[in-house]
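Note sheet for the following structure.
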Amino acid sequence: MATRREGSAFAGLGPVFLKEFADQLSGVRMRLLELLIVLTAAGTIYAAIQTIKSTVGEDVFLFLRLFTTAKDPLPSFVAFAGFLVPLLAIALGFDAVNGEHQRRTLGRVLAQPIYRDALLFGKYLAGLATLGLVLLATWLLITGLGVLLTGLAPSGEEVARSLLYLAATLAYGGVWLAVALFFSTVFKSPTTSALAAIGLWLFLTVFWGMIAGLLAPVLSPVRYGFQEELYRQAQTELMLARVAPNTLYAEATLALLRPEVRSLGPVLPAQLEGMVLGTPLPLGQSLLLVWPQFAGLVAASVLFFTLAYVFFQRAEIRA
């Protein structure tokens, strides 16, 4: 007969979070992250400042261009973040559970008054907090250097948009942290879980867009060349592409950091009637535009964390 456990399922969450967060901050990984912060901020600011000096007084959202402007051979901060954030998240979570197995400490930890729920959730929150701290430090460096080098203070809307972009980046990293945590519960070897997480990231980032382009004509064929058929096929391809978190993140970034963007999908000519192209959207309208992308990223994180939770609850723990 199954016994009913007593107390909250999250008993011990606080100590697990604090211990994991302290380990993350004091480990070698954090030192590497700090180095990446300085290099990323310095490189992107240098590239952006060299390009936007000629646009002072011409661009209403000059501060936002610090994040989106690139200068060969250096990419923009947005491009850096889209590449580095998933790798950083995977690095923080690929050995969260199987690392405890390797060190034979998992059984001793669970022998304490700590449920598996609290242990897994605490590890995820600690990794997310570490990633958030790294992103916030990078944002502060870029903001400070941008104000110092341009001599221009950002407006309230620009600060709000950049902070919302920071939240979108954290949500994007949370997806890959949950993916790494999931593979860490499935595979006993940290190396295998790291390779599986990186392999999934490469598949969704590099190959899924091509697969979506091949599937769209099959699912929504163009038989007579009507405008509606072309529009439906473009919509199908976009919906398939949005299965990948990087597509959702790219769309959220585009709408938040480029206020003149008014749509994130194909638009019929009839829908353009009455629009003043190039006019920036208010912040509230941009938020309505990217809300589905935010929800999709959070849903992906919940999905993979739930899978990790199910596998971890069913796993056999030996001392």
Side chains of residues 128-141: which donor-acceptor partners sit under 3.5 Å, not counting sequence neighbours?
from	atom 1	to	atom 2	distance (Å)
T130	OG1	A126	O	2.8
T138	OG1	V134	O	2.8
W139	NE1	S162	OG	3.1

Looking at side-chain heavy atoms only, is the closest gap between P217 and V222 below 4.5 Å? no
May I ask you to decide if S155's main-chain N or O and E158's side chain share a donor-acceptor pair within less than 3.5 Å? yes
Are any of the side-chain heavy atoms of Y172 and N246 separated by less than 4.5 Å? yes
Check whether any side-chain heavy atom of F304 sits under 4.5 Å from a side-chain heavy atom of L181, and report yes or no. no
Single-linkage hydrophobic cluster, 4.5 Å side-chain cutoff, L163 and V298 together: no
V97 vs L119, test: side-chain contact (heavy atoms from CB on, under 4.5 Å). Steps then yes/no. CA-CA 9 Å; V97 176; L119 180 65; over 6 Å; no
Can you tell me how far CZ of R242 sits from CD of Q293, rounded to the nearest 0.5 angstrom? 5.0 Å
Aromatic ring pairing F67/F63, orientation class (parallel under 30°, perpendicular over 60°, tilted between): perpendicular
Assigning hydrophobic clusters by single linkage (Ile, Leu, Val, Met, Phe, Trp, Tyr; side-chain heavy-atom cutoff under 4.5 Å), is V186 placed with L195? no
Which residues pass the side chain to side chain contact (heavy atoms under 4.5 Å, CB included) test with L283, sequence neighbours left out? E157, A160, R161, L164
Got a second to check how far Q233's CD is from L215's CG, nearest 0.5 Å? 11.0 Å
Cluster link F203 to W201, ILVMFWY, side chain under 4.5 Å: yes
Search all heavy atoms of L289 against all heavy atoms of A255 and return the closest pair with its distance. CD2-CB, 3.9 Å
Do F121 and Y309 have their ring centres less than 6.0 Å from each other? no
Side-chain (S286) to main-chain (L256) donor-acceptor, under 3.5 angstrom: no
Hey, quick one: are M239 and L219 part of the same hydrophobic cluster, counting side-chain heavy atoms closer than 4.5 Å, chains of contacts allowed? no
Residues A81 and P86: closest non-hydrogen pair is O-CD, 3.9 Å
Is a side-chain N or O of S301 found less than 3.5 angstrom from the main chain of V175, in a donor-acceptor match? yes
Please confirm whether the backbone N or O of F94 pairs with a side-chain atom of S193, one donor and one acceptor, at under 3.5 Å? yes
Within the structure provided, determine whether Q313 and D117 are in side-chain contact (heavy-atom separation under 4.5 Å). yes
With a 4.5 Å cut-off on side-chain heavy atoms, are L92 and Q24 touching? yes
Are Y249 and T169 close enough that a side-chain donor and a side-chain acceptor fall under 3.5 Å? yes
If you group Ile, Leu, Val, Met, Phe, Trp and Tyr by side-chain heavy-atom gaps below 4.5 Å, do F83 and L200 land in one group? yes
Donor-acceptor pair, D95 side chain versus P190 backbone, under 3.5 Å? no
Atom pair CG (L238) and OG1 (T247), whose distance is rounded to the nearest 0.5 Å: 8.0 Å
Value for CG (L120) from CZ (F312), rounded to nearest 0.5 Å, stands at 6.0 Å
Student check: side-chain heavy atoms of E229 and S220 closer than 4.5 Å: no
Which pair of heavy atoms, one from I90 and one from A194, lies closest together, and at what distance? CG2-O, 4.5 Å
Return the minimal non-hydrogen interatomic distance between T68 and V78, and the atom names on each side. CG2-CG2, 4.1 Å
On a heavy-atom basis, the closest approach of P154 and V147 is CD-CG2, 3.8 Å
Test side-chain contact (heavy atoms from CB on, under 4.5 Å) on Y165 and T253; report intermediate values, then the result. CA-CA 6 Å; Y165 161 71; T253 297; 3.5 Å; yes
Return the CD to CG distance between Q235 and L230, rounded to the nearest 0.5 Å. 12.5 Å
Just by modelled atom types, is the A216 backbone N or O under 3.5 Å from a matching donor or acceptor in the T236 side chain? no
Which of parallel (below 30°), tilted (30 to 60°) and perpendicular (above 60°) describes F311 and F182? perpendicular
Measuring centre to centre across the rings, with the benzene-like ring taken for any Trp, is Y124 within less than 6.0 Å of F305? yes
Within the distance-only criterion (no hydrogens, no angle test), does the side chain of W176 pair as donor or acceptor with the backbone N or O of A197 below 3.5 angstrom? no
For residues A96 and S184, report the shortest heavy-atom separation together with the two atoms involved. N-OG, 3.3 Å
